[in-house]
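Below: the structure, in structure tokens.
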Number of protein chains: 2
Amino acid sequence: MPASPTDTASTTRERILDVALELFTSQGYDKTSLREIAERMEFTKAAIYYHFASKADILKALHMRLHDFGRDSMESMEDEASLEAWATLLEGLIDQMLAQRALFMFHERNQAAIEALHDEAHEGEHRDIQDWFRQVLSNEKLPAETRVRLACAIGAVMGGLAFSGEVFASIPSDELGGMLRRAVGSLLDAPSP
Amino acid sequence: MPASPTDTASTTRERILDVALELFTSQGYDKTSLREIAERMEFTKAAIYYHFASKADILKALHMRLHDFGRDSMESMEDEASLEAWATLLEGLIDQMLAQRALFMFHERNQAAIEALHDEAHEGEHRDIQDWFRQVLSNEKLPAETRVRLACAIGAVMGGLAFSGEVFASIPSDELGGMLRRAVGSLLDAPSP
DNA sequence: GTCTATATAGGGATAGAC
DNA sequence: GTCTATCCCTATATAGAC
């Protein structure tokens with residue numbers, strides 16, 4: 001989908017997105033001005049408008065990165081889902097999530113701004129991981145206990161992820177991944193009595 | 001600390017805070033204007049300045065509500081903390097958190113804004129639950145696996161909480177509380193092999 | 001593709017009347 | 001305690017030169 005002229009890896013557009021990702025995550029979307037982004041890019045505010053139609057457009061582009069994430073995982077299991085299948089899937093996703101943790105933290109810290117985006121322009125079929133999680137959790141065919149367990153498992157991973165850059169910085173990613181997988185296992189392999 | 005003239009329960013100030021809590025949670029702090037709050041209060045923007053020195057002051061006041069929350073829990077166990085002690089404490093906190101879930105969701109969705117507050121005015125000894133969690137999680141005396149488990153447990157509760165108003169709305173609070181307690185138990189009662 | 005203006009609006013905050 | 005009117009600043013966005 002992203003088709004630059006020569007389709008090189010690191011275009012200006014991508015670099016803007018990387019800067020924005022960092023600033024939006026550390027300061028929040030609203031508190032980050034285009035001037036600030038431009039300063040880091042070492043050109044002026046107006047130049048950004050050559051690459052993006054609006055500030056919201058930058059947010060949307062970043063949001064799209066999450067869309068791409070795990071698209072195949074979502075397609076692999078549509079409606080039906082046993083607890084075991086979920087455990088396996090989630091555990092498989094952890095490494096990818098750790099590798100992309102900047103992206104997840106960005107989303108966690110800018111939910112409000114991103115939701116505002118959805119309200120206006122839900123053009124075409126959306127369906128990012130969050131929507132997908134939400135849909136499964138609201139599937140009333142599954143017993144309540146199962147759905148709550150699932151929500152806890154997702155929350156647990158997010159919790160571990162959120163601290164991975166700060167207080168868990170000294171723990172290597174693969175070790176952290178192992179710990180998170182075991183935690184998810186504890187949550188999902190022990191059904192109600 | 002909140003000393004109104006007659007110290008009645010529901011003062012205008014408190015009502016402003018309630019409105020702000022709702023709007024800040026649903027739209028985010030930055031996207032909510034004082035004009036919007038004033039409209040709901042059925043008076044004008046400027047009137048708010050009689051009760052609060054600034055918009056940030058409103059945010060701070062709401063933040064203080066979290067400060068009060070579980071202050072005693074924090075004092076009861078300072079540094080030393082076994083995994084069992086933590087499990088007990090966390091399970092005991094769940095009901096209170098559920099009762100105050102609006103407050104927690106507000107915090108989750110406005111982390112960036114609240115952090116900006118901390119940076120400027122860390123007047124006096126702060127120490128809300130989040131700070132406290134963070135401190136424990138960074139205590140290198142505890143084994144990494146334990147700390148990660150703890151982070152997961154906290155995340156699990158937050159995960160369950162976050163959906164309690166939406167997809168879990170049909171589940172009674174006390175039942176949801178029980179499920180969350182069992183989930184926390186699964187996470188913290190099964191140490192590494 | 002990046003720049004220098006400049007237009008415009010919205011929101012936070014103040015002064016002072018009632 | 002609440003209101004009107006107003007100031008001021010910042011941020012988005014545009015127009016058009018280089």
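Numbers restart at 1 for each chain; the letters A, B, ... are given by sequence-line order, proteins then strands.
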Quiz item: Under a 4.5 Å cut-off applied to non-hydrogen side-chain atoms, are B:Arg182 and A:Val148 in contact?
Solution: no

Practice problem: Nearest-nucleotide wise, let me know which of B:Ala56 and A:Thr12 is further upstream toward the 5' end of DNA chain C. | Solution: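 The residue closer to the strand's 5' end, by nearest nucleotide, is A:Thr12.
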
Protein-nucleotide distance ([X], atom [atom1]; [N], atom [atom2]), rounded to Å:
X: A:Leu59; N: D:dA11; atom1: CG; atom2: C1'; result: 16 Å
X: A:Glu42; N: C:dT2; atom1: CD; atom2: C1'; result: 13 Å
X: A:Lys31; N: C:dG11; atom1: NZ; atom2: C1'; result: 13 Å
X: A:Phe43; N: C:dA5; atom1: CZ; atom2: C1'; result: 18 Å
X: A:Asp30; N: C:dG11; atom1: CG; atom2: P; result: 12 Å
X: A:Glu39; N: C:dT2; atom1: CD; atom2: P; result: 16 Å
X: B:Ile48; N: C:dT14; atom1: CD1; atom2: C1'; result: 15 Å
X: B:Lys55; N: C:dT14; atom1: NZ; atom2: C1'; result: 18 Å

Quiz item: Do B:Glu14 and B:Arg65 sit within salt-bridge range, that is, some charged N less than 4.0 Å from a carboxylate O?
Solution: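 Salt bridge between B:Glu14 and B:Arg65, a charged N being under 4.0 Å from a carboxylate O: yes.
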
Practice problem: Counting heavy atoms from C-beta on, name the nucleotide in C:dG11, C:dG12, D:dA11 closest to the side chain of A:Arg35. | Solution: D:dA11

Practice problem: When you get a sec, tell me which of D:dA13, C:dG12, D:dC3 is the closest nucleotide to the side chain of B:Ala46? | Solution: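 For B:Ala46, the side-chain atoms sit closest to D:dC3.
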
Exercise. Describe the nucleic acid contact of A:Tyr50 in one word from base, sugar-phosphate, nothing, applying a heavy-atom distance below 4.0 Å.
Key: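 Base, at least one base atom sits under 4.0 Å.
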
Quiz prompt | Between CE on residue B:Met64 and CG on residue B:Leu17, distance to nearest 0.5 Å | solution = 12.0 Å

Self-check item: Presence of B:Tyr49 side-chain N/O under 4.0 Å of C:dA13 phosphate oxygens OP1/OP2
Solution: yes

Quiz item: Can a side chain N or O of B:Thr44 be found less than 4.0 Å away from OP1 or OP2 on D:dT2?
Solution: no

Self-check item: C:dG11 base / B:Lys45 side chain donor-acceptor hit below 3.5 Å
Solution: no

Quiz item: Taking atom CD of B:Glu42 as the centre, does the number of heavy atoms from other residues, nucleotides or ligands within less than 6.0 Å exceed 12?
Solution: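 No - once you tally the heavy atoms of other residues, nucleotides and ligands closer than 6.0 Å, there are 12 at most.
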
Quiz prompt | Lys NZ or Arg CZ of B:Lys31 over B:Phe24 ring: under 6.0 Å, within 45° | solution =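 The answer is no; the distance or angle limit is not met.
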
